[in-house]
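For reference, the structure discussed in these notes is given below.
Values reported hereafter were calculated over all heavy atoms of this structure, with side chains retained and with hydrogens, waters and symmetry mates removed.
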Amino acid sequence: MSRYSKVVIWLSIVSGLLAVGSFWWWTRLMAADFEACLLPVVPAGVDCSHDLQFGAAVVFAIIALTLLLSLLIRRVRESFARWRGD
């Protein structure tokens, strides 16, 4: 396995862990505020969307998938080049 592959896999694992952590954080915040958000009038200081946490989770998930996709594309190109005899 090349050094590039190891770095990409390591970065995708870190990004995946950050995505899982952000989703967990968002879920905990949503569960804590769920009852208050169901009231007809939301009390002051209660955030019912938690957009920052959800956005961070989505961004880290996209980064992890993009890194893995780049590694897959590189592997397919290398295999194709070996098959062609380059």
Side-chain angles (χ1 to χ4, degrees):
M1 185 179 292
S2 69
R3 185 170 184 236
Y4 170 82
S5 298
K6 290 178 184 177
V7 169
V8 169
I9 289 172
W10 183 82
L11 287 174
S12 63
I13 289 171
V14 169
S15 184
L17 289 174
L18 287 171
V20 168
S22 297
F23 275 122
W24 179 79
W25 183 23
W26 173 75
T27 305
R28 298 280 296 171
L29 289 173
M30 290 299 285
D33 294 337
F34 182 72
E35 186 178 344
C37 292
L38 291 178
L39 298 174
V41 177
V42 178
V46 175
D47 180 19
C48 292
S49 64
H50 303 291
D51 291 335
L52 175 68
Q53 293 80 10
F54 185 74
V58 170
V59 166
F60 285 127
I62 289 171
I63 290 170
L65 292 174
T66 302
L67 287 168
L68 291 174
L69 183 63
S70 72
L71 185 61
L72 178 67
I73 290 171
R74 183 177 174 134
R75 290 289 181 183
V76 168
R77 292 175 90 192
E78 288 174 356
S79 296
F80 186 68
R82 269 188 267 131
W83 179 74
R84 274 192 346 202
D86 291 347

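- Residues passing the salt bridge (charged side-chain N to carboxylate O under 4.0 Å, His left out) test with R74 are E78, sequence neighbours excluded.
- In this structure, I13 is a member of the same hydrophobic cluster as L71, with clusters built from ILVMFWY side-chain heavy atoms closer than 4.5 Å.
- Remark: L52 engages no residue in a side-chain contact (heavy atoms from CB on, under 4.5 Å) (not counting sequence neighbours).
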Show every donor-acceptor pair shorter than 3.5 Å between a side-chain atom in residues 2-11 and any protein atom, with sequence neighbours excluded, or say none if there are none.
residue: S2; atom: OG; partner: S5; partner atom: N; Å: 3.3
residue: S2; atom: OG; partner: S5; partner atom: OG; Å: 3.1
residue: S5; atom: OG; partner: R75; partner atom: NH2; Å: 2.8

Pairs under 3.5 angstrom only: tabulate donor-acceptor contacts from the side chains of residues 23-37 to other protein residues two or more places apart or in another chain.
residue: T27; atom: OG1; partner: F23; partner atom: O; Å: 2.7
residue: D33; atom: OD2; partner: H50; partner atom: NE2; Å: 2.9

Tabulate below the donor-acceptor pairs under 3.5 Å that side-chain atoms of residues 14-21 make, not counting sequence neighbours, or state none.
residue: S15; atom: OG; partner: F60; partner atom: O; Å: 2.6
residue: S15; atom: OG; partner: A64; partner atom: N; Å: 3.4

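- Residues satisfying the side-chain contact (heavy atoms from CB on, under 4.5 Å) test with I73, not counting sequence neighbours, are L69, R77.
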